[in-house]
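Structure first, commentary second.
Computation of the quantities below employed the complete heavy-atom set of this structure, encompassing side-chain atoms and omitting hydrogens, waters and symmetry-equivalent molecules. Computed from a prediction, not measured in an experiment: that's the story for all the values here.
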Amino acid sequence: MSTTEKMKAAAERMIGRTVRKTAHAVGNRTTEAKGAALEARGKARQLKEKGKDTFKR
């Protein structure tokens with residue numbers, strides 16, 4: 001729906017991916033899992049926003 005919500009979701013996904021890949025390179029499994037969770041949450045938020053747009057039309 002709103003552009004700010006879409007941007008927040010995209011940023012959350014991008015940050016999660018960055019954290020996950022950095023932690024994987026360093027070998028920190030706990031932080032890698034947290035990054036993967038953050039990335040998944042961002043992806044879910046993006047899908048939610050796309051669904052809102054679909055039903056709006």
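A pairwise comparison of heavy atoms in Ala36 and Arg20 identifies CB-CD, 3.8 Å as the closest pair. Across Glu32 and Ala23, no two heavy atoms sit closer than the pair N-CB, 3.4 Å.
If you run side-chain contact (heavy atoms from CB on, under 4.5 Å) between Glu49 and each of Lys6, Met7, Lys8, only Lys6 comes through.
Qualifying side-chain hydrogen bond (donor to acceptor under 3.5 Å, both in side chains) partners for Thr31, counting only residues two or more places apart in sequence or in other chains: Asn28.
Here the CD atom belonging to Glu5 is positioned 6.0 Å from the NZ atom belonging to Lys48, to the nearest 0.5 angstrom. Separating the CD1 atom in Ile15 from the CD atom in Glu12 is a distance of 8.0 Å, to the nearest 0.5 Å.
At most 12 heavy atoms of other shown residues, nucleotides or ligands fall within 6.0 angstrom of atom NZ in Lys21.
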